Undergrad: 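Here it is, the structure, as structure tokens.
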Amino acid sequence: MKFEKLDLNLLVALDALLTERNVSVAAERVHLSQSAMSGALNRLREFFKDELLINIGRRMVLTPRAESLAEPVAEMLLQVKTMITTPPEFDPTTSDRRFSVIASDYVADVLLAGALRHIHAVAPGVSIEMLLPDDTLTERLERGEIDLLINLEPYLAPFHPREVLFEDDFVLVAWAENDLVGDAVSFDQFFELTHVAVQHGRNRHPAFEQWFLERFGRTRRVEVFSPSFSLVPQLVLGTRRIATMHRRHAEHYARFLPLRLLSSPLDIPMVREMVQWHKFKRRDPGVQWLQRTLRDHAATLSQPAPAASMGKG
DNA sequence: GCTAAGTAAAGGGTGGGAGC
DNA sequence: GCTCCCACCCTTTACTTAGC
């Protein structure tokens, strides 16, 4: 059977070829032999009257025609995949579905840990695969590989639905016995003290608050770069370092670690943690249930306290 | 029986490394 | 810098299989 003289199965091969730019790897991806994929490429070349992929040395490069086909073909296949794999109904009490969620360890601590307790109570068969953000998170959302992405607004993918989960502000955190820090830290003292900062991903993207500081033209004396938010309190304990942490996260750790929380001398704006899902999943009742559940749980979180008068130790 | 699409195997182009 | 060898990758060919 053909559609407009094209065997639609060839679009699956085309998508793999355009993504991988390698006949052998594309063949492996769609479970064909390498020569079968080469044959499929020939039929595609014949249909589109274009070379599509050109051999330059050992590399295959896309023609302009192939470049123009890559995105619409990938999007169309994702739409088809969503259509045929999404169950028409979702019953949390009986579902054994597995959801994948990208969120930082900070969001995991302040939101997901509690939300997952609730989810397990109402949906005992449901499982959640939690993934940490990396440099590929928007690509993974675009490819439909994840169900929900939780991140700050600047790091979300464009053109997909999103919703605010909760807001947070920042506080300074010091070891309770840090003798360099009193009840408050002045603006100048902030830049004199040594810091623990968070950097994510292979390209070493700085965390939001450091990005903000760089906008001010001042840099901190960062003594330790932490790959995660959760490691920050451990890197402050027993030292004279301070760290700038999300308030909810800092309060979470101060419950069981000897930490002192202080107001930041910098007027750092609040951040908004948002949840995002692929536009093709807006009709997925399971994803919408999970998104609503997280939103409802986020609404039960206490609002951040006013930024003054902490000095907890 | 015909046709299309698959596999296995052979052939050929290219790039990188080793040796001189 | 040149040559040789080898690995990698794509194309082609011969044959097989499945659907009509």
Side-chain angles (χ1 to χ4, degrees), chain A residues 1-89 96-100 102 127 129 131-147 149 155 157-160 199-206 225 227 277-284 286-287:
Chain A
M1 186 174 69
K2 298 198 175 181
F3 181 78
E4 296 289 321
K5 299 180 183 172
L6 175 69
D7 174 2
L8 293 183
N9 274 327
L10 286 176
L11 293 179
V12 178
L14 179 60
D15 179 54
L17 285 164
L18 298 181
T19 305
E20 304 296 344
R21 302 177 185 213
N22 178 308
V23 173
S24 302
V25 177
E28 199 172 328
R29 177 168 151 178
V30 298
H31 308 293
L32 277 182
S33 69
Q34 182 270 321
S35 56
M37 182 56 82
S38 181
L41 176 56
N42 264 332
R43 293 194 293 283
L44 285 161
R45 283 169 169 161
E46 205 170 304
F47 178 83
F48 287 107
K49 305 272 190 297
D50 187 278
E51 276 296 292
L52 299 175
L53 287 101
I54 301 170
N55 225 329
I56 296 182
R58 282 192 196 175
R59 293 185 311 123
M60 298 287 271
V61 298
L62 304 190
T63 64
R65 178 75 165 127
E67 292 275 8
S68 73
L69 288 167
E71 192 178 323
V73 168
E75 191 157 298
M76 186 202 72
L77 290 179
L78 178 59
Q79 191 164 9
V80 171
K81 179 185 168 188
T82 306
M83 181 182 71
I84 63 179
T85 59
T86 300
E89 293 171 355
D96 60 354
R97 187 165 167 182
R98 177 179 181 152
F99 295 97
S100 53
I102 289 187
S127 57
E129 181 186 16
L131 304 157
L132 288 171
D134 61 16
D135 300 330
T136 66
L137 54 88
T138 53
E139 287 90 337
R140 289 155 85 184
L141 182 85
E142 294 285 356
R143 289 197 297 265
E145 293 174 1
I146 54 169
D147 294 306
L149 166 62
Y155 303 112
F159 315 123
H160 294 285
Q199 280 193 326
H200 287 305
R202 283 172 299 182
N203 294 333
R204 309 188 76 192
H205 290 154
F225 285 102
W277 54 96
H278 196 290
K279 60 188 176 188
F280 293 154
K281 298 200 177 192
R282 63 161 59 103
R283 290 193 198 87
D284 183 332
V287 170

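This structure is a prediction, so every number in the text was calculated from the model and none was measured. Sequence lines set the chain letters: A, B, ... in the order given, protein chains first and strands last, and positions in each chain run from 1.
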Undergrad: Does a side-chain N or O from A/Ser24 land closer than 4.0 Å to OP1 or OP2 of C/dC10, or not?
TA: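 It does, given that an N or O in the side chain of A/Ser24 lies less than 4.0 Å from OP1 or OP2 of C/dC10.
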Undergrad: For A/Ser38, which contact category applies under a 4.0 Å heavy-atom criterion: base, sugar-phosphate, or nothing?
TA: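 Base, at least one base heavy atom under 4.0 Å.
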Undergrad: Examine C/dC10: is either OP1 or OP2 under 4.0 Å from a nitrogen or oxygen in the side chain of A/Arg45? Give yes or no.
TA: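 For A/Arg45, the contact criterion (side-chain N or O under 4.0 Å from OP1 or OP2 of C/dC10) is not met.
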Undergrad: To the nearest Å, how far apart are A/Glu20 CD and C/dC10 C1'?
TA: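 Computing the A/Glu20:CD to C/dC10:C1' distance gives 16 Å.
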Undergrad: More than 12 non-hydrogen atoms from neighbouring residues, nucleotides or ligands closer than 6.0 Å to CD on A/Glu129, yes or no?
TA: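 Counting neighbours around CD of A/Glu129, more than 12 heavy atoms of other residues, nucleotides or ligands fall under 6.0 Å, so yes.
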Undergrad: A/Leu53 versus A/Leu17: any side-chain heavy-atom pair under 4.5 Å?
TA: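 A side-chain contact exists here, since the closest heavy-atom pair is under 4.5 Å.
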Undergrad: What is the separation between atom CD1 on A/Ile54 and atom P on B/dT14, rounded to the nearest whole Å?
TA: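 Rounding to the nearest Å, CD1 of A/Ile54 and P of B/dT14 are 14 Å apart.
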Undergrad: In Å and rounded to the nearest 0.5 Å, what is the CD1 to CG distance from A/Ile146 to A/Leu141?
TA: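 Answer for the CD1-CG pair, A/Ile146 versus A/Leu141, is 4.5 Å.
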Undergrad: With the side chain of A/Arg43 defined as its heavy atoms from C-beta on, choose the nearest nucleotide among B/dA5, C/dC9, C/dT11.
TA: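 For the A/Arg43 side chain, the nearest candidate turns out to be B/dA5.
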Undergrad: Rounded to whole Å, please give me the gap between CG in A/Leu17 and P in C/dT11.
TA: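 Atom-to-atom, A/Leu17 to C/dT11, this comes out as 9 Å.
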Undergrad: Between A/His160 (side chain) and A/His278 (backbone), is there a donor-acceptor pair under 3.5 Å?
TA: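 Not confirmed, A/His160 side chain does not pair with A/His278 backbone.
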Undergrad: Output the rounded distance in Å from CG (A/Leu41) to C1' (C/dT11).
TA: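 Distance, rounded to whole Å: 10 Å.
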Undergrad: What does the list of N/O pairs under 3.5 Å between the protein and nucleotides 7-11 of chain B look like, with a distance for each?
TA:
residue	atom	partner	partner atom	Å
B/dT7	OP2	A/Ser33	N	3.1
B/dT7	OP2	A/Ser33	OG	2.4
B/dA8	N6	A/Ser35	OG	3.2

Undergrad: Picking from C/dT11, C/dC9, C/dT12, which would you name as closest to the side chain of A/Asn42?
TA: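 My answer, after comparing the listed nucleotides, is C/dT12.
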Undergrad: For the backbone of A/Glu51 and the side chain of A/Arg65, can you confirm whether one donor and one acceptor N or O come within less than 3.5 Å of each other?
TA: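 Side chain of A/Arg65 to backbone of A/Glu51, a donor-acceptor pair under 3.5 Å: no, none is there.
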Undergrad: Do A/Phe47 and A/Leu10 have side chains that approach each other closer than 4.5 Å (heavy atoms only, starting at C-beta)?
TA: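 Not touching, per the 4.5 Å side-chain cut-off.
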Undergrad: A/Arg21 has an atom CZ; how far is it from atom C1' of C/dC10, in whole Å?
TA: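 These atoms are roughly 17 Å apart.
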